[in-house]
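These notes are about the structure you will find just below.
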Amino acid sequence: MKGIWRYFQQCSYLPLWLAGLTLIGSFYHYSTKDTNELAEQQWLSVSMTCYRQKHPSKICQPITNVMFLKTHKTASSTILNILYRFSEKHSLTVALPYGNEPHLGYPRHFHASYVEEFKTLGNKFNIMANHLRFNWQQVRRIMPDNTFYFSILRDPTLLLESSYVYFKTFSPAFRNSKDINEFLSSPWSYYNLAEKNNIYAKNNMWFDFGYDNNAEYDERYIHFVLQNIQEIFHLILIADFFDESMILLKDILCWDLDDVIYFKLNARSQYSIQALNPENKEKVKEWCALDWELYKYFNNSFWIKIQERMDLKTLYKEVDLLQKRQKELMETCLLEETAIEHYQIKDENMKPFQAGHASIMGYNLRQDLDNKTLNICKKMIMPELQYTAHLYNSQFPFKKKKTTGK
Ligand SMILES: *[C@@H]1O[C@H](CO)[C@@H](O)[C@H](O)[C@H]1NC(C)=O
Ligand SMILES: *[C@@H]1O[C@H](CO)[C@@H](O)[C@H](O)[C@H]1NC(C)=O
């Protein structure tokens with residue numbers, strides 16, 4: 001109670017007094033064990049309101065023009081799903097791949113003509129988030145000037161292992177080695193510069209940002225690239241701190257917590273994860289030195305950004321709320337209340353695309369959901385290709401109907 005009193009002394013606005021009274025009322029109203037949790041949630045929302053009042057710049061409108069550079073094997077499918085759901089909630093227009101292709105021209109450098117109806121819609125798109133190789137000059141032809149640009153990076157050692165399994169059969173450098181450790185023991189004997197489709201095997205994030213993944217390590221060049229990215233992108237998230245990333249994202253975009261609640265999508269079964277030995281972990285930092293520099297730099301700026309906007313106590317309180325809400329929704333929506341192996345998925349339309357030696361997991365919905373809940377739950381588990389096709393069909397009803405992206 002002492003803390004609450006101090007808070008109201010510091011933050012004595014009338015609306016807050018009212019909110020405080022509601023809060024105190026709720027202490028008496030609820031006598032179940034949920035009381036503390038509920039009071040805590042209300043308390044947090046009161047403190048946020050107070051914080052916004054004390055920091056006028058924080059009074060904000062949700063940002064709805066958003067470009068997400070979807071990097072590979074970085075939990076980016078989960079973010080795509082978040083953006084798709086947000087676009088439906090606010091009736092926004094998504095820059096979808098031409099002809100309902102799965103990508104915006106990847107691995108070619110992006111060109112505006114890869115977007116469906118680019119000629120008629122010009123730069124009036126709100127959301128752009130499908131795989132592409134970044135090319136700012138062309139992206140700017142699609143997205144309005146006030147667009148918020150963000151992306152996500154992942155620890156290159158974990159990323160390379162994930163790429164190895166996922167692109168095992170696709171990438172020549174991976175195909176010819178027994179496992180990730182054999183590959184890393186002498187990468188140059190498997191990696192041929194002249195061969196196509198090896199982009200996943202070396203500095204793939206660097207490549208996705210539009211740069212040369214085979215460039216020599218050169219400090220001035222690296223500095224130049226990092227500065228360039230820093231100037232264009234407002235935010236770079238870190239997959240290794242995914243929930244912290246979601247809190248920072250919704251704070252900067254002025255979105256609701258519910259907008260960033262997610263079920264992990266496109267995750268691999270633990271049976272298809274290979275263990276990197278410690279020596280090879282170090283080797284990745286050399287083999288993917290450009291990605292390693294990229295990751296270190298933006299990991300650092302990620303934490304600086306968090307500290308600019310909130311203290312760590314607030315951060316972890318919100319992370320905790322996010323995880324509680326996620327768990328609640330999983331219990332509401334899911335038959336098994338967790339992700340399951342792909343062969344256990346009952347609804348064929350909800351099966352995620354399977355690639356390489358990776359076994360990609362999915363979900364079963366409960367059978368007894370009411371229509372409204374069913375719709376929310378369905379969108380949360382809908383795999384990328386199916387959701388893209390769904391948006392494509394509803395955005396361009398006059399085009400040829402397709403049920404999946406492949
Ligand atoms: C990322 O940032 C965190 C927090 O500052 C730090 O503990 C960690 O060592 C950083 N990781 C790398 C690879 O720099
Ligand atoms: C739920 O949706 C189904 C099919 O879309 C429809 O037939 C049914 O009437 C709906 N039920 C309610 C209660 O809206």
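All values below were derived from every heavy atom in this structure, side-chain atoms included, with hydrogens, water molecules and symmetry-related copies excluded.
Checked against a 6.0 Å centroid threshold, the rings of F150 and H234 do not count as neighbours. The aromatic ring centres of Y387 and Y84 sit less than 6.0 Å apart. For F134 and F233, the distance between ring centers is under 6.0 angstrom.
For the pair E88 and R85, the salt-bridge criterion is not met [side-chain N within less than 4.0 Å of a carboxylate O]. Salt-bridge check for D291 with K202: failed, with every basic side-chain N at 4.0 Å or more from each acidic carboxylate O. Salt-bridge formation is not detected for the pair R133/D208: no Lys NZ or Arg NE/NH1/NH2 atom is positioned less than 4.0 Å from an Asp or Glu carboxylate oxygen. Taking a cutoff of 4.0 Å between a charged side-chain nitrogen and a carboxylate oxygen, E282 and K285 qualify as a salt bridge. A salt bridge between E328 and K324 is absent, with no side-chain N of the basic residue lying under 4.0 Å from a carboxylate O of the acidic one. One finds a salt bridge joining D368 and R366 here, because a Lys/Arg side-chain nitrogen approaches an Asp/Glu carboxylate oxygen to under 4.0 Å.
A 4.5 Å side-chain heavy-atom check between F148 and L235 finds at least one atom pair inside the cut-off. Between I247 and D243, the closest side-chain pair of non-hydrogen atoms is not below 4.5 Å. At a threshold of 4.5 Å between non-hydrogen side-chain atoms, the residues I142 and M128 count as touching. A 4.5 Å side-chain heavy-atom check between F183 and N280 finds every atom pair outside the cut-off. When side chains are defined from C-beta on, N123 does not count as touching R141, because their heavy atoms never get closer than 4.5 Å. Looking at heavy atoms from C-beta onward, S151 lies in side-chain contact with T71 at the 4.5 angstrom threshold. Under the 4.5 Å side-chain criterion, counting only non-hydrogen atoms from C-beta, Y295 is not in contact with L159. Using a 4.5 Å heavy-atom cutoff, the side chains of E286 and K283 are not in contact.
The ring pair (Phe, Tyr, Trp, His ring centres under 6.0 Å) analysis of residues 299-329, with sequence neighbours excluded, yields the pairs F241-W303.
At a cut-off of 3.5 Å, with distance as the only test, no side-chain donor of Q274 or Y164 sits close to an acceptor on the other residue. In summary, the side chains of N81 and T78 do not present any donor paired with an acceptor at a separation below 3.5 Å, with no hydrogens or angles considered. H131 and E101 share no donor-acceptor pair across their side chains, judged by distance under 3.5 Å alone. No side-chain N or O of N197 forms a donor-acceptor pair with one of S171 less than 3.5 Å apart.
Relative to the ring axis of Y114, R108 places its NZ or CZ within 45° and under 6.0 Å from the centre. Remark: K73 qualifies as a cation-pi partner of Y166 under the 6.0 Å distance and 45° angle criteria applied to the six-membered ring.
Rounded to the nearest 0.5 Å, atoms CD1 (I261) and CE (M330) are 11.5 Å apart. One finds the CD1 atom of I127 at 9.0 Å from the NE2 atom of H90 (value rounded to the nearest 0.5 Å). Taken to the nearest 0.5 Å, the CG atom of L104 stands 12.0 Å off from the CG atom of N135. Once rounded to the nearest 0.5 Å, the distance linking CD1 of I232 with CZ of F209 reads 9.5 Å. Rounding to the nearest 0.5 angstrom, the gap separating the CD atom in E117 from the CG atom in L96 is 11.0 Å. Atom CG in N204 sits 12.0 Å away from atom CZ in R154 (nearest 0.5 Å).
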Worked check of salt bridge (charged side-chain N to carboxylate O under 4.0 Å, His left out) between K70 and E384: CA-CA 12 Å; K70 189 176 188 292; E384 180 172 337; 3.2 Å; yes

- Task: Decide salt bridge (charged side-chain N to carboxylate O under 4.0 Å, His left out) for E308 and K305; before the verdict, give the C-alpha distance in whole Å, the side-chain angles of both, and the deciding distance to 0.1 Å.
- Result: CA-CA 5 Å; E308 278 169 7; K305 247 194 184 113; 6.0 Å; no

Would K250 and D256 count as a salt bridge (charged side-chain N to carboxylate O under 4.0 Å, His left out) if you check the C-alpha gap in whole Å, the side-chain angles of each, and the deciding distance to 0.1 Å? CA-CA 6 Å; K250 73 120 181 127; D256 296 333; over 6 Å; no

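Every side-chain hydrogen bond (donor to acceptor under 3.5 Å, both in side chains) that Q230 has, sequence neighbours left out, goes to Y297.
Residues F207 and P107 come closest through the heavy atom pair CZ-O, 3.5 Å. Across all their heavy atoms, C288 and L160 have their closest contact at SG-CD1, 4.2 Å.
Screening I63, T147, L92 for a side chain to side chain contact (heavy atoms under 4.5 Å, CB included) involving N126 leaves a single residue, L92.
Remark: the backbone N or O of A201 is paired with a side-chain donor or acceptor of W287 at under 3.5 angstrom.
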